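The shown structure was predicted, so the numbers you read here are calculated from the model rather than taken from an experiment. All heavy atoms count here, side chains included; hydrogens, waters and symmetry mates do not.
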Amino acid sequence: MRAIQVYEVGGPEVLQEAEVDQPRPGPGEAIVEVAASGVNFLDVYHREGRYSLPLPFTPGAEGAGTVVEVGPGVADVAVGDRVGWVEIPGTYAERAVVDSSRLVPLPDDIGFETAAAVLLQGMTAHYLVKDAYPVQGGDTVLVHAAAGGMGLLLTQLITHLGGRVIGTTSTTAKAELAKRAGAAEVILSSAVDDLAAEVRRLNGGQGLPVVFDGVGAHTFDASLASLRTRGHLVLFGAASGAVPPFDPIRLAHGGSLTLIRPSLGDFIADRSELLRRAADVFEWVRSKALEVTVTGRYALSEAAQAHSDLEARRTTGKLLVVLDAAAIGRREETQS
């Protein structure tokens, strides 16, 4: 079968299409014919070696498709089931082997592309606003990169929960997207000298109770400076690079601040919690509290381009690697 392989860590160019052996299911495992795979910064971190995986490996940690084979002892799914999954490497391929206990059955009204576009980021947004910092009605919240796939979902959810979003974006076009998602205010990060001062100005001179920061190195200092006394910085990603080491006394000097660096895996470790969060996300999609925006579809052979576009911040919304030739055809018709 065809799959993307990483033989050495590095830039997008290390993503190579190759012919590999068909996977076989072991006890408790299922083989899924992949219809679509989400493209996430987690994939970039794996490719760069920031989060190490044994070489060679097939990247991609979010997918959706149809179960075509099961191993001994599988009771959670059956052949023919439509499923999605997250945080299991190996989705940039025609088929993937997945622990059956980590598969999420898809409701009839949730398509493969929707599932591959929303599960990882949707459940991430779920635990961020429900657990890492429970957003309350009336909270004013800063969301960095508010027009990205993750930022758009967070903005919609915070607004749905009664919060007010101040977003940051890099362009006016992205600012419009963030506003359509519900952001009350949007700051062009390249147009201000002191981001934290602008945040406070937009909040009546006050700091914020929480900042959701998936950018990392470029925004960390401004995020801390934007918080009120006993505020919370939720650092859930590092799109601009890892935050350099710092003296925790900064948190005390900033007003007894708290910093959390959460990871989705710790919030879906139990199957019941995985299914509960997924069900909530699907219900939000049905109710239009979350609108999934797929803005880029790439063939398997175009995985390197997908990573390049994501890292260069040339994109908004969600990117997918699709194994469906018809989906690529629809993309090309739209572009023409």
Return the [atom1] to [atom2] distance between [X] and [Y], rounded to the nearest 0.5 Å.
{"X": "I268", "Y": "R276", "atom1": "CD1", "atom2": "CZ", "result": "11.5 Å"}
{"X": "R24", "Y": "I31", "atom1": "CZ", "atom2": "CD1", "result": "7.5 Å"}
{"X": "H144", "Y": "D213", "atom1": "NE2", "atom2": "CG", "result": "4.5 Å"}
{"X": "L152", "Y": "M150", "atom1": "CG", "atom2": "CE", "result": "10.0 Å"}
{"X": "D43", "Y": "Y92", "atom1": "CG", "atom2": "OH", "result": "3.5 Å"}

(Q) Main chain of P134, side chain of Q136: is a donor-acceptor contact present, judged purely on distance under 3.5 Å? (A) yes
Q. Looking only at atom types and distance, does a side-chain atom of T169 sit under 3.5 Å from a main-chain N or O of L188, one as donor and one as acceptor?
A. no
Q | Nearest heavy-atom neighbours spanning G60 and S37 | A |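 Looking at all heavy atoms of both residues, the shortest contact is CA-OG, 4.4 Å.
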Q. Do you know which of L227, D194, L208, T168 makes side-chain contact (heavy atoms from CB on, under 4.5 Å) with V199?
A. L208
Which of parallel (below 30°), tilted (30 to 60°) and perpendicular (above 60°) describes [X] and [Y]?
{"X": "W284", "Y": "H126", "answer": "tilted"}
{"X": "H232", "Y": "Y133", "answer": "tilted"}
{"X": "F220", "Y": "F246", "answer": "tilted"}

Q | D270, CG: over 12 other non-hydrogen atoms inside 6.0 angstrom | A | yes
Q: Please check if atom CD in E13 has more than 12 non-hydrogen atoms from other residues, nucleotides or ligands closer than 6.0 Å.
A: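 Yes, CD of E13 has more than 12 neighbouring heavy atoms, counting only those of other groups under 6.0 Å.
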Q.
Hydrogens and angles aside, do S100 and E29 bring a side-chain donor and acceptor to less than 3.5 Å of each other?
A. no
Q: Please name all residues satisfying side-chain contact (heavy atoms from CB on, under 4.5 Å) with I88, sequence neighbours left out, ordered by chain then number.
A: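 side-chain contact (heavy atoms from CB on, under 4.5 Å) check on I88 returns W85, V98, R102.
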